[in-house]
Amino acid sequence: MAERDNLPPAVLYEKRGHVAYITLNRPAVLNAMNLDMHRQLLTVWEDFNHDDELWVAVLAGAGGKSFSVGQDLNELKTRYADGEPFSSLGSAGRPGWPRLTERTDIYKPIIAVVEGYAFGGGFELALACDLIVASEASVFALPEAKLGLIQGAGGIFRLTRQMPMKLAMEMLLTGKQISARQAQAFGIVNQVVDGAKLADTVEQLVNDILRCSPAATRAIKNIAYDSADKSLPEAFQAQYAAEQRRLHSQDLLEGVDAFLEKRPPVWSGT
């Protein structure tokens with residue numbers, strides 16, 4: 001992304017083959033998220049969502065110390081002093097909306113790579129991804145209640161759905177920190193590895209996903225999330241946009257043909 005006023009971009013965006021690498025890039029403030037970062041992230045997510053050559057995204061934080069510590073509180077104080085209304089749930093009407101934490105239209109897999117702190121809105125952003133890989137030194141927390149705030153970017157909704165309710169409520173009500181291993185035990189982190197092995201682990205996970213049909217992975221994500229609040233009869237009867245696309249894709253026949261012909265499949269995603 002282009003530099004603004006000679007400052008480095010708040011978000012780095014690189015495309016390598018079928019993979020989008022997205023990096024929160026404010027390491028001097030532990031990748032705290034300001035409005036400029038949210039504006040840039042919206043552009044990135046829109047591009048990722050609509051580029052058919054991109055099949056999976058990897059979201060990380062720059063600097064090696066923090067995925068993100070959440071909202072930039074210095075900027076928030078200035079915004080409130082300038083008369084901006086206090087915020088509650090969601091970001092409607094604010095820069096970067098709809099943010100990833102509120103989107104339900106991105107069916108491509110997104111992997112969060114956590115190294116260091118994932119606090120507040122940073123943790124909420126990771127929870128909005130489909131998979132989380134973390135270094136052993138990583139720490140997770142939602143400390144908003146200690147600041148008179150709430151977890152307005154979906155943390156209340158997602159944490160209580162992605163881990164046991166009582167444990168989630170303890171984190172939400174006390175702001176306590178948990179280790180990467182605890183987060184894995186609670187079911188909110190997929191893999192925890194030594195920091196030196198983090199990049200290789202993520203690459204292996206990306207390659208595992210790329211070996212699958214992108215039409216199929218999008219349909220699976222679409223169905224999994226959109227059916228979560230439905231009864232089984234309702235889930236079977238519902239219509240899912242990405243599944244309808246898969247039913248009309250070249251991938252539908254390619255996988256079976258490749259298996260029978262004893263060759264690697266050549267996915268198109270269309």
Side-chain angles (χ1 to χ4, degrees), residues 18-20 22 41 44-46 48-52 54-60 67 89-90 98-114 118 123-134 140 151 153-165 167-168 183-192 201-202 204-256 265 267-270:
H18 294 302
V19 186
I22 304 162
L41 279 171
V44 167
W45 292 126
E46 285 294 302
F48 171 67
N49 200 26
H50 293 101
D51 187 338
D52 285 337
L54 294 175
W55 298 354
V56 60
V58 175
L59 176 63
F67 176 74
L89 293 169
R99 298 174 184 175
L100 181 66
T101 49
E102 297 163 76
R103 298 188 74 148
T104 59
D105 64 324
I106 300 178
Y107 304 134
K108 303 174 184 181
I110 303 171
I111 303 169
V113 182
V114 175
F123 188 13
E124 292 175 293
L125 184 59
L127 288 171
C129 297
D130 305 296
L131 305 171
I132 300 177
V133 179
F140 299 81
Q151 298 82 4
I156 297 173
F157 310 135
R158 287 193 171 90
L159 202 66
T160 53
R161 286 165 168 79
Q162 295 182 22
M163 63 184 283
M165 174 67 81
L167 297 174
Q184 184 182 36
F186 294 158
I188 51 178
V189 167
N190 296 82
Q191 297 186 49
V192 177
T201 301
V202 172
Q204 180 62 58
L205 186 55
V206 166
N207 288 335
D208 288 345
I209 292 173
L210 292 178
R211 276 190 281 270
C212 299
S213 157
T217 58
R218 292 171 201 174
I220 291 166
K221 176 175 176 175
N222 182 190
I223 295 169
Y225 289 119
D226 285 6
S227 67
D229 61 350
K230 293 178 172 60
S231 67
L232 281 176
E234 290 171 337
F236 275 109
Q237 294 168 13
Q239 297 292 312
Y240 305 97
E243 170 60 358
Q244 293 304 308
R245 181 174 177 179
R246 183 192 69 87
L247 289 171
H248 295 89
S249 72
Q250 297 176 38
D251 285 2
L252 183 64
L253 299 176
E254 171 60 18
V256 174
W267 305 120
S268 68
T270 58

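Computed over heavy atoms, backbone and side chain alike; hydrogens, waters and symmetry mates excluded.
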Quick one: pull up [atom1] in [X] and [atom2] in [Y] and give me the separation to the nearest 0.5 Å.
X      : Y      : atom1 : atom2 : result
Leu167 : Phe186 : CG    : CZ    : 4.5 Å
Arg218 : Ile106 : CZ    : CD1   : 11.5 Å
Glu46  : Asp51  : CD    : CG    : 12.5 Å
Tyr225 : Tyr107 : OH    : OH    : 12.5 Å
Ser213 : Gln250 : OG    : CD    : 11.0 Å
Asp130 : Asn190 : CG    : CG    : 9.5 Å

Taking every non-hydrogen atom, the tightest pair across [X] and [Y]:
X      : Y      : result
Lys221 : Lys108 : NZ-O, 2.8 Å
Leu210 : Trp267 : O-CD1, 3.9 Å
Val189 : Ile132 : CG1-O, 3.6 Å
Gly269 : Trp55  : N-CZ2, 4.5 Å
Ser227 : Ala224 : OG-O, 3.5 Å
Asn222 : Ala242 : OD1-N, 2.7 Å

- Message: Check this for me: Arg161, atom CZ, are more than 12 non-hydrogen atoms of other residues, nucleotides or ligands nearer than 6.0 Å?
- Response: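 Open: at most 12 neighbouring heavy atoms sit under 6.0 Å from CZ of Arg161.
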
Is there side-chain contact between [X] and [Y], with heavy atoms separated by less than 4.5 Å?
X      : Y      : result
Asn49  : Asp105 : yes
Pro214 : Asp251 : yes
Phe140 : Ile188 : no

- Backbone of Thr201 reached by a side-chain donor or acceptor of Gln191 within 3.5 Å: no

- Verify, without hydrogens or angle tests, whether Arg99 (side chain) and Leu125 (backbone) share a donor-acceptor contact under 3.5 angstrom.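 It does not hold such a pair.
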
- In sequence, state the C-alpha distance, the side-chain angles, and the governing distance for Cys129 and Ile111, and then conclude on side chain to side chain contact (heavy atoms under 4.5 Å, CB included). CA-CA 6 Å; Cys129 297; Ile111 303 169; over 6 Å; no

- Message: Once salt bridge (charged side-chain N to carboxylate O under 4.0 Å, His left out) is applied, do any residues pair with Glu254, and if so which ones, sequence neighbours excluded?
- Response: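 Checked Glu254 against salt bridge (charged side-chain N to carboxylate O under 4.0 Å, His left out); matches are Arg263.
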
- Item | Ionic contact status for Arg246 with Glu243, cut-off 4.0 Å |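 Looking at Arg246 together with Glu243, the answer is yes, because their closest N to O distance falls below 4.0 Å.
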
- Item | Derivation and outcome, side chain to side chain contact (heavy atoms under 4.5 Å, CB included), residues Trp45 and Leu59 | CA-CA 11 Å; Trp45 292 126; Leu59 176 63; 4.2 Å; yes

- Task: Taking atom types as modelled, find out whether Glu124 and Gln151 have a side-chain donor-acceptor pair closer than 3.5 angstrom.
- Result: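 No pair is found: no donor N or O on one side chain lies under 3.5 Å from an acceptor on the other.
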
- Query: Taking it one step at a time, do Val113 and Val58 satisfy side chain to side chain contact (heavy atoms under 4.5 Å, CB included)?
  - Reply: CA-CA 7 Å; Val113 182; Val58 175; 3.5 Å; yes

- Item | side chain to side chain contact (heavy atoms under 4.5 Å, CB included) between Leu205 and Val202, intermediate numbers included | CA-CA 5 Å; Leu205 186 55; Val202 172; 5.6 Å; no

